[in-house]
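What follows is a set of notes on a single structure, which appears directly below.
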Amino acid sequence: MPELPEVEVLRRSLKPRLVRQAVERVEVLSPGLREPFDHRALKRLAGRSIGGLRRRAKYLLIDFEGGSTLVIHLGMSGRFTIVAHDEPAAPHEHLAFHLATSERLRLVDPRRFGLAFALPTAKLEDDRHFAHLGVEPLGSKLTADHLRCLASNRRGPIKSFLMDARIVVGVGNIYASEALWRARVHPRRSVARIGQGTWERLTDSVRAVLGQAIEEGGTTLNDFADGEGNAGYFQVSLAVYGREGEPCVRCGRDLRRFVQTGRSTFYCPGCQH
DNA sequence: CGGGCGGCCTGGAGGC
DNA sequence: TGCCTCCAGGCCGCCC
């Protein structure tokens with residue numbers, strides 16, 4: 001479920017609850033997720049305090065005092081929430097961080113596409129999960145010129161380009177469709193056929209849609225929740241995603257869906273070219 | 001070399 | 001009610 005806005009909403013909700021809190025005990029309840037857990041590295045976080053929470057791409061980074069970082073990725077179905085200490089273990093609860101406040105921070109992930117690992121904070125940038133990542137879409141490095149340069153040696157459809165984490169991070173299947181609709185660009189349009197003005201519209205649209213989604217608490221289609229278990233409400237603001245057959249709010253034509261590189265793409269045939 | 005596709009998992013929805 | 005198929009917000013690696 002989580003693209004950049006959902007991870008950012010999660011970060012903001014957890015931050016006041018976790019900063020300066022001590023993790024008293026770490027429970028590892030399963031062998032792992034997409035990758036096996038490094039049991040010992042996770043257990044070494046016990047007894048330390050949390051210094052801060054950051055986000056890089058769709059990864060949540062929890063920095064511990066003493067120079068360790070816990071990296072959490074929610075995959076498709078992950079939830080990372082604070083519950084009462086005596087809350088019974090949930091199905092598919094994989095990790096539990098017991099806090100000094102007699103609460104626990106737990107990672108639940110039925111499909112196990114997520115990820116959790118700990119490493120020295122100083123080694124984060126060189127880690128294989130981060131080394132290849134492109135620019136943050138809400139930072140100053142995402143510009144029309146930057147995208148145009150990276151597109152110059154490539155072909156292929158703009159939607160795949162926007163979802164390529166080597167180019168720009170955090171844009172997944174929902175927000176790619178939404179940003180393209182806002183920019184009035186057809187998802188199949190080749191990156192080779194996009195001019196400067198359109199790159200400007202695309203960068204503006206990506207920023208705008210991600211920013212608004214954060215403000216509205218993320219998109220909860222099925223099971224996204226912030227750190228306190230609250231659903232988001234950006235799903236009511238979605239213009240095209242999941243709305244096949246509904247009229248476009250901008251031009252009135254019926255919205256369409258097709259499969260592009262194995263994923264559903266939604267667009268308006270009337271106003272995206 | 002870059003882009004496309006299958007595979008990884010479980011569960012919910014919908015058809016019959 | 002039950003069984004089957006399809007589909008899902010991410011990502012990696014293999015293949016052409």
Side-chain angles (χ1 to χ4, degrees), chain A residues 1-10 29-37 55-60 71-80 90-94 107-117 127-134 137 149-180 187-192 206 209-210 212-214 216-226 231-245 257-266:
Chain A
M1 59 182 79
E3 302 181 33
L4 183 149
E6 289 71 39
V7 181
E8 181 61 21
V9 165
L10 175 66
L29 301 163
S30 81
L33 300 171
R34 201 169 78 216
E35 298 171 9
F37 290 136
R55 180 192 54 73
R56 170 72 171 120
K58 298 171 190 168
Y59 295 89
L60 179 67
V71 179
I72 298 286
H73 192 290
L74 298 182
M76 291 280 261
S77 59
R79 278 176 173 244
F80 196 47
H92 308 292
E93 183 167 336
H94 300 279
L107 182 62
V108 174
D109 184 1
R111 292 176 70 183
R112 285 184 270 135
F113 288 172
L115 209 52
F117 61 96
D127 184 84
R128 65 189 164 87
H129 299 92
F130 301 97
H132 68 284
L133 292 178
C149 287
L150 291 174
S152 65
N153 359 332
R154 284 178 60 125
R155 289 169 331 206
I158 182 62
K159 187 189 178 220
S160 309
F161 184 79
L162 291 180
M163 289 179 67
D164 188 337
R166 294 168 300 182
I167 307 292
V168 56
V169 299
V171 182
N173 204 39
I174 293 180
Y175 298 112
S177 282
E178 293 297 311
L180 287 164
R188 263 199 284 253
R189 176 117 149 245
S190 166
V191 294
V206 166
V209 74
L210 298 179
Q212 187 187 339
I214 292 168
E216 297 184 13
T219 298
T220 299
L221 293 182
N222 190 14
D223 51 6
F224 169 70
D226 72 10
Y233 51 96
F234 188 72
Q235 60 278 9
V236 304
S237 300
L238 294 172
V240 291
Y241 187 88
R243 299 197 185 281
E244 180 184 16
R257 169 189 177 273
F258 68 99
V259 176
Q260 194 174 18
T261 45
R263 321 287 306 271
S264 284
T265 297
F266 298 87

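We name chains A, B, ... by the order of the sequence lines, and we start the count at 1 in each one.
- Heavy-atom minimum distance, A:I214 versus A:E8: CD1-CG, 3.8 Å.
- Across all strands, A:Y241 comes closer than 4.0 Å only to sugar-phosphate atoms, never to a base (heavy-atom distances).
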Q: Show your reasoning for whether side-chain contact (heavy atoms from CB on, under 4.5 Å) applies to A:I167 and A:R154.
A: CA-CA 11 Å; A:I167 307 292; A:R154 284 178 60 125; 3.8 Å; yes
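- What separates CD of A:Q260 from P of B:dC5 is a distance of 10 Å, to the nearest Å.
- Residues A:G262 and A:N153 both approach DNA chain B. Their nearest nucleotides, taken by heavy-atom distance, put A:N153 toward the 5′ side.
- With P as the reference atom, B:dG6 and C:dC6 are 14 Å apart, rounded to whole Å.
- Side chain of A:L221, nearest nucleotide from C:dG9, C:dG10, C:dC12: C:dG9.
- Note on A:R257: only backbone sugar-phosphate atoms sit closer than 4.0 angstrom, heavy atoms only; bases stay farther off.
- Nucleotide C:dC12 holds its P atom 13 Å from the CZ atom of A:R263, rounded to whole Å.
- The nearest whole Å value for the distance from the CG atom in A:D109 to the P atom in C:dA8 is 18 Å.
- Across all strands shown, C:dT5 forms a Watson-Crick or G-U wobble pair with B:dA13, both key distances being under 3.5 Å.
- Of the candidate nucleotides B:dG4, B:dG3, C:dG9, B:dG4 has the atom nearest to the side chain of A:S160.
- Across the protein-nucleic acid pair, A:H132 atom NE2 and C:dC11 atom P stand 8 Å apart, rounded to whole Å.
- Under the 3.5 Å distance criterion, the side-chain polar atoms of A:E93 are left unmatched by any main-chain donor or acceptor of A:L29.
- Here A:S77 does not reach the OP1 or OP2 of C:dG9: none of its side-chain N or O atoms lies under 4.0 Å away.
- For the OP1/OP2 pair of C:dC11 and a distance below 4.0 Å, the side-chain nitrogens and oxygens of A:K58 include at least one atom meeting the criterion.
- Residue contacts shown for A:G172 are limited to sugar-phosphate atoms, with no base heavy atom under 4.0 Å away.
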Q: Take A:D164 and A:F161 through the test side-chain contact (heavy atoms from CB on, under 4.5 Å) and record every step on the way to the result.
A: CA-CA 5 Å; A:D164 188 337; A:F161 184 79; 5.7 Å; no
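- The CG-P distance, from A:N173 to C:dC7, rounds to 13 Å in whole Å.
- A:S177 places a side-chain N or O within donor-acceptor distance of the main-chain N or O of A:F266, the cut-off being under 3.5 Å.
- Between the CZ atom of A:F117 and the P atom of C:dC11 there is a distance of 12 Å, given to the nearest Å.
- A donor-acceptor contact shorter than 3.5 Å links the side chain of A:E3 to the backbone of A:Y175.
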Q. Passes side-chain contact (heavy atoms from CB on, under 4.5 Å), A:T265 versus A:V240? Steps please.
A. CA-CA 9 Å; A:T265 297; A:V240 291; over 6 Å; no
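- When the P atom is compared between C:dT5 and B:dG7, the two are found 16 Å apart, to the nearest whole Å.
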Q.
Generate the contact string for nucleotides 6-13 of chain B. Rules: B means base contact, S means sugar-phosphate contact only, - means no protein heavy atom under 4.0 Å.
A. --BBBS--
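- If you measure from atom NE2 of A:H129 to atom P of C:dC12, you get 7 Å, rounded to the nearest angstrom.
- Contact between the side-chain N/O atoms of A:R154 and the OP1/OP2 oxygens of B:dG3 is found at a separation under 4.0 Å.
- OP1 or OP2 of C:dG10 has not a single side-chain nitrogen or oxygen of A:H73 nearer than 4.0 Å.
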(Q) Checking A:F234 against A:I174 for the side-chain contact (heavy atoms from CB on, under 4.5 Å) test, could you report, in this order, the C-alpha distance in whole Å, the side-chain angles of both residues, the deciding distance, and whether it holds? (A) CA-CA 11 Å; A:F234 188 72; A:I174 293 180; 5.7 Å; no
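- We find that CE of A:M163 is positioned 8 Å from P of C:dG9, with the value rounded to whole Å.
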